[in-house]
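Data first, discussion second: the structure below is written as structure tokens.
If you're wondering where the values come from, they're calculated on a predicted model, not measured in any experiment.
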Amino acid sequence: MGAAGNVSVIMTCHNEAAFIEQAIKSVTAQTAYGRVSEIIVVNDGSTDQSQSILEGLAHEIGKLKVLKASGIGPSAARNMALAEATGDFIAILDGDDLWTPDKLERQLPALESDPGVGLVYGDFHAFSAADRSDATVVHVRRFGPHTKDLLKSFFLEGGPVVPSSVILRRKIFDEVGSFDPSLRLNEDADMFLRVAERWAFQHVPGVHLYKREHGRNLTARIDTQLPVAELITARFVARNPELAEVAGKRMARRYGRAGGDCLAKGERVTGLGYCVKALRLDPLLWYVYPMFLLAILPRHAGVRLRSLARRILRTRQATPTRPSNSF
């Protein structure tokens, strides 16, 4: 292990030549950069200029280690970086995201002050414009050491706990295992649920992450995440039978989000189908009703009602139930 309190930053990169330098330099710009022992980047089968950019940066940045893989997927790539990591803390950063300069300085004390906290995380800016001019703050659910039934609450609602906002204790992986390489979506949700079985979470106030949204995000479509959400739900009910009582409600929320996402994309029939599934699983899931109403109203009818339904839908999409990593 490295010196006490050192941080290993693990990153993955797949065809992110346009973003990877900015992501890495958001690490080197940290006010607590002295705490970073290494930056480990796994270039996972990129076919663009990512490798040459990484090699150039490695000449400039002594702490940067570049590993190569051949399209093994995000879980296996993170595990590859973990196997090389020597720090006491593991900070995750995706190759298309970036941190604010005080991210580590603000979050590390929450881990160091409470040995029962295994994972810290926070809110984030969502953006798509190159200059971040469209950045909006996404406030996530606030879990802490005194949260009752953390596992059940996180299982039901998610956070979302965005990987690039997270720092974990290295020894956690010795207890709960590594990322599941069979999952190419929501592998982080599976991992964080395993952490929640044994450790406390700590939300750290402040927005210390810019999360980039673009068409190549694996989570760009919420409905593509539904099969793995079903798998993870069944897996954790089997591990923790007490979760069975909220399993239907958990999936109702995921079908509701998928329905809203499809309706926002103009996919009326598919969106309605997901809304119906959500209400069958949880008839009290109130925010699905205005989405359903919005979809069935004729275009010429109920202009004010349609406008109200759209506002409610936008509000739901801007809350912690945002699609990113919430499954």
Would you list the atom pairs, donor with acceptor, under 3.5 Å between side chains in residues 58-70 and any protein atom, with sequence neighbours excluded?
residue: Lys63; atom: NZ; partner: Tyr33; partner atom: O; Å: 3.0
residue: Lys63; atom: NZ; partner: Val36; partner atom: O; Å: 2.7
residue: Lys65; atom: NZ; partner: Glu38; partner atom: OE1; Å: 2.8

Hydrophobic cluster membership, with links at side-chain heavy-atom distances under 4.5 Å among I/L/V/M/F/W/Y: are Val42 and Leu168 in one?
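No, Val42 does not connect to Leu168 through the hydrophobic network.
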Set of residues satisfying salt bridge (charged side-chain N to carboxylate O under 4.0 Å, His left out) with respect to Glu197, sequence neighbours excluded:
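Glu197 satisfies salt bridge (charged side-chain N to carboxylate O under 4.0 Å, His left out) with Arg239 once adjacent residues are dropped.
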[X]-[Y] side chain donor-acceptor pair, cut-off 3.5 Å:
X: Asp123; Y: His139; result: yes
X: Arg212; Y: Gln22; result: yes
X: Thr86; Y: Asn6; result: no

Please confirm whether Arg170 makes a cation-pi placement over Phe89, using NZ or CZ under 6.0 Å from the six-membered ring centre and within 45° of the ring normal.
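No, Arg170 does not sit over the ring of Phe89.
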Kindly state each residue pair satisfying side-chain hydrogen bond (donor to acceptor under 3.5 Å, both in side chains) with at least one member in residues 104-122, sequence neighbours excluded.
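Listed once each, the pairs are Thr31-Glu105, Arg35-Glu112, Lys103-Gln107.
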Under 4.5 Å side-chain linkage, directly or through intermediates, the cluster mates of Leu284
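Cluster partners of Leu284: none, it stands alone.
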Can you give me the closest heavy-atom contact between [X] and [Y], atom names plus distance?
X: Gly45; Y: His14; answer: O-CE1, 3.7 Å
X: Ala77; Y: Ile72; answer: N-CD1, 3.6 Å
X: Lys25; Y: Leu57; answer: CE-CD2, 3.9 Å

Return a table of donor-acceptor pairs under 3.5 angstrom between the side chains of residues 270-277 and protein atoms on other chains or two or more places apart.
none

Which residues pass the side chain to side chain donor-acceptor pair (under 3.5 Å) test with Ser46, sequence neighbours left out?
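Partners of Ser46 by the side chain to side chain donor-acceptor pair (under 3.5 Å) criterion, ordered by chain and then number, come out as Asn43.
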Is it true that Asp180 and Arg235 have a side-chain N and a carboxylate O under 4.0 angstrom from each other?
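Between Arg235 and Asp180 there is a salt bridge, with a charged N closer than 4.0 Å to a carboxylate O.
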Decide yes or no for [X] and [Y]: does some side-chain heavy atom of the first lie under 4.5 Å from some side-chain heavy atom of the second?
X: Arg78; Y: Pro163; value: yes
X: Phe155; Y: Ile232; value: no
X: His208; Y: Ser165; value: no
X: Asn79; Y: Phe173; value: no

Does Asp88 reach the main-chain N or O of Gly5 with its side chain, forming a donor-acceptor pair under 3.5 Å?
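Yes, the answer is positive, given that a donor and an acceptor are paired below the 3.5 Å cut-off.
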Centre-to-centre under 6.0 Å for His203 and Phe143, is that the case here?
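No; Phe143 has its ring centre 6.0 Å or more from that of His203.
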Give the C-alpha distance, both sets of side-chain angles, the deciding distance and a yes or no for ring pair (Phe, Tyr, Trp, His ring centres under 6.0 Å) between Phe201 and Phe154.
CA-CA 10 Å; Phe201 289 7; Phe154 184 58; 5.3 Å; yes
